[in-house]
Amino acid sequence: MKFFIDTANLSQIKEAEDLGVLDGVTTNPSLMAKEGITGQDNILKHYVDICNIVSGDVSAEVISTDFHGIVAEGEMLASLHKQIVVKVPMIKDGVKALKYFSSKGIRTNCTLVFSAGQSILAAKAGATYVSPFLGRLDDINQDGVELIHQIVHIYRTYGYTTQVLAASIRSPLHIVKCAEAGADVATCPLSAILDLLKHPLTDIGLAKFLADAKKFSESPVR
Ligand code: G3P
């Protein structure tokens, strides 16, 4: 399973890249706004800055909602850098645009997906990635991980090549559950990736190893 980081924060992207386990980045308009990135020129420059930190795919989301607007915006985003993947919302004109981008060889990430039916439309329209938001489903008492299982099962049954990019991940347990479900990618906040490191027995075991090593190094040489 690939790891993408779900942020527009350059220092967090660098930290994840330095860890050596990062395969790409996803952003959305809310994440860009959170970093204070506003104005078209600044937004476009920020995408290029992200591409220069990582070597994998970087999702950049359109804000148009009509077919011609999505196409024009998506083509402009895709022309910025070869790593850019155009993020398109799961709406009627978005599906039409996914099909158009697919026919032009422009890679896409279909976002705001909350049902298996929506994921079938995204695959049939030729999306490169589909982004089911599992945390937001959990928020309304629906089983987000179960949706990942469903989509993976459907895509494998029919041989759809769209990659399942589990999004809206909130915890290390979500990451593990997505891996069990067969997701192709998990896009996560840095905190969830770093929380995978944690286990109390690792800390206790390391403390003991270091204490024993110190005793050994302090014992007289025979
Ligand atoms: O990739 C989609 C993601 O950013 C949504 O996450 O935590 O806002 O539901 P969240």
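Only this structure's heavy atoms are used, side chains among them; waters, hydrogens and symmetry mates stay out. Every number for a ligand or one of its atoms is a count from 1 in the order of the listing. Since the model is a prediction, treat every value here as computed from it, not as a measurement.
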Between Glu35 and Asn9: side-chain donor-acceptor atoms closer than 3.5 Å: yes

Closest protein heavy atom to atom 6 (O) of ligand 1, given as residue, atom name and distance to 0.1 Å: Ser168 CA, 3.4 Å

In the single-linkage hydrophobic clustering (I, L, V, M, F, W, Y; side-chain heavy atoms under 4.5 Å), do Ile169 and Leu147 co-cluster? yes

In the protein, what heavy atom is nearest to atom 3 (C) of ligand 1, and what distance, to one decimal place, separates them? Asp6 OD2, 3.0 Å

Test of understanding: given a 4.0 Å heavy-atom threshold, classify the contact between Thr111 and ligand 1 as side chain, backbone, both, or neither. neither

Given Ser131, which of Thr26, Asn109, Asp6, Thr111 fulfils the side-chain hydrogen bond (donor to acceptor under 3.5 Å, both in side chains) condition? Asn109

Flag for Tyr155-Gln150: side-chain donor and acceptor within less than 3.5 Å: no

Joint cluster assignment, Leu77 & Phe4, ILVMFWY side-chain distance < 4.5 Å: no

Return the closest protein heavy atom for atom 8 (O) of ligand 1 as residue, atom name and distance. Arg136 NH2, 2.8 Å

Answer yes when Asp66 and Lys96 have at least one side-chain N-carboxylate O distance shorter than 4.0 Å, and no when they do not. no

Taking only heavy atoms of Phe133 into account, list the atoms of ligand 1 that are under 4.0 Å away from them. 2 (C), 5 (C)

The atoms of ligand 1 lying under 4.0 Å from a heavy atom of Arg170, numbered in the order shown, are 7 (O), 9 (O), 10 (P)

Any nitrogen or oxygen of Thr187, side chain or backbone, less than 3.5 Å from one on ligand 1? no

For ligand 1, which atoms sit closer than 4.0 Å to a heavy atom of Ala167? 1 (O), 2 (C)

